[in-house]
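Have a look at the structure below before the remarks.
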Amino acid sequence: MTDYNPHSIEEKWQRRWAAQRVFEVTEEPGRPKFYCLVMFAYPSGHAHVGHVRNYMIGDVIARMKRMCGFNVLHPFGWDAFGLPAENAAIKNRSHPRTWTLENIAHMKGQLQRLGISYAWEREFATCEASYYKWNQWLFLEMFKRDLAYRRRATVNWCPGCATVLANEQVVDGGCWRCGTAVTPRELEQWFLRTTQYADELLEGIDRLDEWPTKVLTMQRNWIGRSEGALVRFPVEPAKPAVPAVDDDPVEIEVFTTRIDTIFGATCVVLAPEHALVDRFAAEATDPEAFRRRVQQFRAQDRTERMMGAVEKEGFDTGRTVVNPFTGRPVPVWIANFVLVQYGTGAVMAVPAHDQRDFEFARKYGLPVDVVIQPETEGDAAPLDGATMDAAYAGPGTLVRSGEFTGRSTDDAAAFMARAAAARDVGRPTVQFRLKDWGISRQRYWGTPIPIIHCDACGLQPVPYEDLPVELPTVAEFTGQGDSPLAQIPEFVDTSCPSCQGPARRETDTMDTFVDSSWYFYRYCDASNDEQAFDPEKVRYWAPIDFYIGGVEHAILHLIYSRFLCRVFKDLGMVDHDEPFTRLLTQGMVLRNGVVMSKSKGNVVDPDQMIASYGADTLRLYEMFVAPPEKELEWTDTGLEGSFRFLTRVWRLVTAVCPVVDGAPQNGLGTMTLDDAHRALRRKTHESIRRVSADLDPRAHLNTAVSALMELVNDLYVFCERHALAPHAAAARQGTSTDHVSIQTRAVLGEAIEALVLMLSPFTPHLCEELWERLGHAGGLVTVAWPTFDPEVARADEIVVPVQVNGKLRARLTVPADVSEEFLRAAALAEPAVQSHTVGKIVARVVVVRRRLVNIVVT
RNA sequence: GCGGAAGUGGCGGAAUUGGCAGACGCGCAGGCCUCAGGAGCCUGUGGGACCUAGUCCCAUGGGGGUUCAAGUCCCCCCUUCCGCACCA
């Protein structure tokens, strides 16, 4: 018997898999497909054992599904555009491409050494023109349909990265990547019209029943649908002493979800950034003082203001508007707690029924007018604006609300919104927190936006035949100036496709999330240079059956992808509603209680682990030690335990090879077996049942491994009893198999082969090697997954616990198919039970067949 | 503040439908085998009590409840993690 030597085994099988292209697939109509995908990688440099965890999870599922007869697409690629490459280029005075390609080469080697079963022939990197050409094509299709548009907007500017960020990329007021506090900036920007699909994106969530609820909740919150009404308050003229800046009558439009409280609106409040603020300042008696106060609010830390950490402050503009429902004038204030980016940037304040408004009113002595009275119980006093100490936001009956007085809040809001529409002072509406997706980035290392600016013709799409607009090679990266592309005249200067006159290219590049929001379709047809993908191929493979990735993409990537899925559907290129049927968000890998990361200095390099223990040990350890969704605390001793287990498997299988080789397993059904043999068969079939269910549909990889460990433990006991290797005592008796019965050989053979097959998704190299040594040629990648016989898996004797008043008192060993009556009688006759029932009245005996007996005494 | 998930031995974690709590592994202890053991194999390992071959009690964050039966279902509270955060 030779020792378990992972290195030679792993190299041997990795070479063979590649040479025989065993993981490459094509469409096979009529054969069930399975699209297993892990989120592709940003090539940041070196992957650590935390990065590779999800690749290993995906590999277990892919390999298992392959054995179950599915045509499995399991591709990999690179999310290769992005800032770090550019920053590294600035630092090293090199080119982002160089840095990126080197990292890809290294990380690909790491994944290949782990034996992940990717269809490498479909690999691509998004920084290749053959990929981003289709980004540009997609952009133009959207531009044609008005789903991509340009407008001047206040955007989130990250001074650290010197670029714009989408709302989704601002985390706690800072840049999601570098953490620098973002600042507002006015720029012409490109947007994708995600709001067009806001309702669809929200409703679709209800059908994503194989996604973690956490992700669904986050998406619902992010979309932030809110039903309410827009109401216009006409602005009254400024005092005659101050000339109006212009004579247009103006209105302030507010969004409210509580139009039923509008009779209690005692002022209207504008955000400091509201469009009317400047005009009001100009028309104020002391414009300078007015502007100074506004400026104070605008200067307040944006983050803190958004997070409500700043005290509510405001001032009266001196202007009034008319409440369209009461006809009475109410003052207009400007306050720091009103957000310009939500709704209309103006609100009506109803202090009696909104806590924020209440606090504001109390601070500045504004009236608190109660217009909703709750259902009073008994003699509770009705609400009084003068004495309340908090707003009442609950349900009730409208009071002092004109013709609406007496209505219930249940339907008043909808009714009054319609009334506003009838009077032409407002309308019912739905607000979303979700905004259109700003995709302009003032950086080099991304997809150039294929638009040409012509002074005569305006925005002109680059003609399709001119795609791709390739990134020019930039000689040197300095990090100076706003947009690298804008500094390259050869790139910028072009001619208008429409009038042939001189024109300028757009110099913004696309947010890299555009690249990553449709790459899964490209895998289906990765080398197509005629179109983004052949819809027929995507029809075969999509949607993705199993998608694995980090929960950090719960909002950004997964909403953008769901959005582009709908765009492709409208383009007639896909026919499914949702791109990802099932989503698994894997947990992080920690070491010493903190997330493994280069900056924390606690990373473990997979290559070092492979050098010490082999890839199979690393794979098994990460699959076994925690469920996929949970965090995994890295321990060296745990890893050694996994190595020990594989050594145990190796010794077991190689030792019994001569015994089981050629054993007549197909005769098992007719053989007469003794108890020990039946027990092992039962364990084998029970293990097949458990492992199969644990992998699919449960994806409880850790319990699947423990079931296999149990099987191995039982096999060791069986071998010891039957004087077989690998036990030391047996080994001393020599390797002769003469004493081994045909029954033993058959039962053992069945168990060993099932073990090797079921372990193979976890530790494929080891299992391939063992499978070959068991006498099978041709590899096991597509060998059928073992099936179990429920009759064999069922125990013929079972242990039934007996409780008295819910406390365990005895155990009965009985035939599995025993009747309830027998169980009941046997339980009552048990001495250990009788000692607790003697002298008492048996009130009830609960018998659950095959589970337990509970005797209730009083 | 709102929403979500979770809380089980010394540790990682099991427990598909309410039915023997602690599978499997790590660690620890003892034994076998050995020149040796940081290899291998076997055994033990939630806590406590006692009349210690055994028996009994307690135990899944805390407290109530439903039930013959609760880690699992319901209510209240505590803690941790995550998400959203003045969204009108």
Side-chain angles (χ1 to χ4, degrees), chain A residues 3 171-172 212-222 224 226 228 254-258 261 269 305-312 335-339 341-344 346-350 353-357 359-360 393 431-433 551 554-555 621 624-627 629-642 644-645 647-648 651 690 693-694 697-698 700 702-710 712-713 716-717 720 726-732 799-811 832 835 843-848 850-857:
Chain A
D3 285 341
V171 179
D172 288 342
T213 52
K214 174 191 177 128
V215 174
L216 299 179
T217 306
M218 287 167 70
Q219 292 217 348
R220 270 194 201 97
N221 291 343
W222 190 264
S226 180
V254 304
F255 173 71
T256 177
T257 55
R258 292 298 307 272
T261 64
V269 191
R305 236 184 84 197
M306 296 249 306
M307 288 169 52
V310 174
E311 198 186 339
K312 290 176 182 49
N336 60 353
F337 71 91
V338 178
L339 304 174
Q341 57 272 67
Y342 185 78
T344 60
V347 301
M348 63 179 208
V350 185
H353 304 294
D354 180 286
Q355 188 57 27
R356 292 159 302 186
D357 299 343
E359 290 167 21
F360 191 69
Q431 277 289 325
F432 289 94
R433 219 187 73 122
V551 72
I555 300 173
Y621 169 67
F624 168 65
V625 78
E629 300 83 354
K630 262 194 96 158
E631 288 175 339
L632 183 160
E633 174 72 34
W634 180 270
T635 61
D636 293 339
T637 51
L639 187 75
E640 281 163 20
S642 293
R644 213 147 44 217
F645 172 72
T647 307
R648 229 162 116 75
R651 279 202 317 271
R690 277 173 64 188
D694 278 352
R698 300 215 302 165
H700 287 197
N702 55 327
T703 53
V705 174
S706 43
L708 291 169
M709 288 174 166
E710 283 186 45
V712 169
N713 290 345
Y716 265 76
V717 171
E720 184 180 38
H727 284 268
R732 281 199 315 281
V799 177
V800 176
V802 181
Q803 299 176 335
V804 178
N805 284 348
K807 287 187 177 156
L808 181 69
R809 297 302 178 189
R811 288 190 170 91
S835 65
R844 188 176 167 188
V845 181
V846 180
V847 182
V848 184
R850 304 181 61 87
R851 307 302 310 235
L852 65 33
V853 179
N854 190 10
I855 298 161
V856 186
V857 297

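Proteins come first, then strands; the chains are lettered A, B, ... in the order of their sequence lines, and each starts at number 1. Just so we're clear, the structure is a prediction, and the values are computed from it rather than from any experiment.
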* Using a cut-off of less than 4.0 Å, is there contact between a side-chain N or O of A:Arg644 and OP1 or OP2 of B:rG27? -> yes
* **d(CG, A:Asn805; C1', B:rU67) in whole Å** => 13 Å
* Heavy atoms under 4.0 Å, any strand shown: does A:Asn713 hit a base, just sugar-phosphate, or nothing? -> sugar-phosphate
* **Gap in Å between the two P atoms, one belonging to B:rC77 and one to B:rG1, rounded** => 12 Å
* Using atom CD of A:Gln341 as one end and atom P of B:rA85 as the other, report the distance to the nearest whole Å. => 10 Å
* So what does A:Pro627 hit on the nucleic acid, given a heavy-atom distance under 4.0 Å: a base, only sugar-phosphate, or nothing? -> sugar-phosphate
* Which is true for A:Thr217 with a 4.0 Å heavy-atom rule: it touches a base, it touches only sugar-phosphate, or it touches nothing? -> sugar-phosphate
* Asked: Can you find a side chain N or O atom of A:Arg690 that sits less than 4.0 Å from OP1 or OP2 on B:rU16?
  -> no
* Side chain of A:Gln803 only, please: which of B:rG13, B:rG19, B:rG40 is the nearest? => B:rG19
* To do: Rounded to the nearest angstrom, tell me the gap between atom CG in A:Leu639 and atom P in B:rC26.
  => 12 Å
* Asked: Is A:Glu631 touching bases, backbone alone, or none of the nucleic acid, heavy atoms closer than 4.0 Å?
  -> sugar-phosphate
* Asked: How would you label the contact of A:Gly343 with the nucleic acid (heavy atoms, under 4.0 Å): base, sugar-phosphate, or nothing?
  -> nothing
* Name the nucleic acid region contacted by A:Arg811, choosing base, sugar-phosphate or nothing; use a 4.0 angstrom heavy-atom cut-off, strictly under. => base
* State which residues pass side-chain hydrogen bond (donor to acceptor under 3.5 Å, both in side chains) with A:Asn805; sequence neighbours excluded, sorted by chain then number. => none
* Short side-chain N/O contact to B:rC58 OP1/OP2 from A:Lys807, under 4.0 Å -> yes
* Asked: Do any side-chain nitrogens or oxygens of A:Arg851 fall under 4.0 Å of OP1 or OP2 in B:rU17?
  -> no
* **Separation of the C1' atoms in B:rC68 and B:rG18, to the nearest angstrom** => 12 Å
* If you measure from CD1 on A:Ile555 to CD on A:Gln219, what distance do you get to the nearest 0.5 Å? -> 7.5 Å
* Asked: In dot-bracket notation, what is the pairing pattern of RNA chain B, taking Watson-Crick (N1-N3 plus N6-O4 or O6-N4) and G-U wobble (N1-O2 and O6-N3) contacts under 3.5 Å, with [ ] crossing and | for other strands?
  -> (((((((..(((......[....)))((((((.......))))))(((((...)))))..(((((..]....))))))))))))....
* To do: Kindly label the base of B:rG9 as syn or anti, based on whether its glycosidic torsion lies within 90° of 0.
  => syn
* Closest to the A:Arg698 side chain, choosing from B:rA15, B:rG19, B:rC87 -> B:rA15
* Asked: Can a side chain N or O of A:Ser226 be found less than 4.0 Å away from OP1 or OP2 on B:rA88?
  -> yes
* Among B:rC87, B:rC82, B:rA23, find the nucleotide with the atom closest to the side chain of A:Lys214. => B:rC82
* Tell me which nucleotide among B:rG12, B:rA15, B:rA88 gets nearest to the side chain of A:Arg356. => B:rA88
* Structure fact -> dist A:Asn702:CG -> A:His700:NE2 (nearest 0.5 Å) comes out at 7.5 Å
* Reckon A:Val705 touches a base, only the sugar-phosphate, or nothing at all at heavy-atom distances under 4.0 Å? -> nothing
* Asked: What integer number of Å spans the P atoms of B:rU72 and B:rA5?
  -> 16 Å
* To do: Pick base, sugar-phosphate or nothing for A:Arg809, based on heavy-atom distances below 4.0 Å to the nucleic acid.
  => sugar-phosphate
* Assign A:Glu633 to base, sugar-phosphate, or nothing according to its heavy-atom contacts below 4.0 angstrom with the strands shown. => nothing
* **Between B:rC2 (C1') and A:Trp222 (CH2): distance, integer Å** => 16 Å
* Asked: Taking only N and O in the side chain of A:Arg844, is any of them less than 4.0 Å away from OP1 or OP2 of B:rU67?
  -> no
* To do: Apply the test side-chain hydrogen bond (donor to acceptor under 3.5 Å, both in side chains) to residues A:Arg844 and A:Asn854: give CA-CA distance (whole Å), side-chain angles for both, the deciding distance (0.1 Å), then the verdict.
  => CA-CA 8 Å; A:Arg844 188 176 167 188; A:Asn854 190 10; over 6 Å; no
* To do: With rounding to the nearest 0.5 Å, note down the distance linking NZ in A:Lys214 to OG1 in A:Thr217.
  => 9.5 Å
* Please examine the side chains of A:Glu633 and A:Val625, heavy atoms only from C-beta on, and report whether any two atoms are closer than 4.5 Å. => no
* Asked: Nearest 0.5 Å, what's the CG-CH2 distance between A:Asp636 and A:Trp634?
  -> 7.0 Å
* Between CG of A:Asp354 and CZ of A:Arg356, what distance do you get to the nearest 0.5 Å? -> 4.0 Å
* **Side chain proximity check, A:Phe337 to A:Asp357, heavy atoms < 4.5 angstrom** => yes
* Structure fact -> Heavy-atom nearest nucleotide on RNA chain B taken for A:Ser642 and for A:Asp694; more 5' hit belongs to A:Asp694
* Between atom CG in A:Leu708 and atom C1' in B:rA14, what is the gap in whole Å? -> 15 Å
* Asked: Between B:rG19, B:rA88, B:rG12, which nucleotide gets closest to the side-chain atoms of A:Phe255?
  -> B:rA88
* **Value in whole Å for how far the C1' atom of B:rC24 lies from NE2 of A:His700** => 15 Å
* If you check the A:Thr257 side chain, which of B:rA15, B:rC24, B:rA88 turns out closest? -> B:rA88
* Does the side chain of A:Arg258 come within less than 4.5 Å of A:Val350's, by heavy atoms? -> no
* First locate atom CG of A:Leu708, then atom CZ of A:Arg690, and finally report the distance between them rounded to the nearest 0.5 Å. => 9.0 Å
* To do: Kindly say if A:Asn702 contacts the phosphate of B:rC24, meaning a side-chain N or O under 4.0 Å from OP1 or OP2.
  => no
* Using a cut-off of 4.0 Å on non-hydrogen atoms, how would the nucleic acid contact of A:Val856 be classed: base, sugar-phosphate, or nothing? -> sugar-phosphate
* Taking the same atom, P, in B:rC24 and in B:rG3, what whole-Å distance lies between them? -> 41 Å
* To do: Please determine if a side-chain N or O atom of A:Lys630 lies less than 4.0 Å away from the OP1 or OP2 oxygen of B:rG12.
  => no
* Span that lies between the C1' atom of B:rA23 and that of B:rG71, in whole angstrom -> 15 Å
* Structure fact -> Per atom distances to the A:Glu720 side chain, the nearest of B:rG19, B:rA14, B:rC42 is B:rC42
* To do: Let me know the distance between NZ of A:Lys312 and C1' of B:rA88, rounded to the nearest Å.
  => 11 Å
* Between B:rU8 and B:rU79, how far apart are the C1' atoms? Round to whole Å, please. => 15 Å
* To do: Taking atom P in both B:rC74 and B:rU17, compute the distance separating them and give it to the nearest angstrom.
  => 14 Å
* Asked: Can a side chain N or O of A:Arg433 be found less than 4.0 Å away from OP1 or OP2 on B:rA85?
  -> yes
* **Residue mapping more 5' on RNA chain B - nearest nucleotide basis, A:Leu808 or A:Met709** => A:Leu808
* Nearest-angstrom distance, C1' atom, B:rA15 to B:rG54 -> 29 Å
* Asked: For A:Gln431 and B:rC87, what is the distance between atoms CD and P respectively, to the nearest whole Å?
  -> 13 Å
* Asked: Base, sugar-phosphate, or nothing for A:Asp357, non-hydrogen atoms under 4.0 angstrom?
  -> nothing
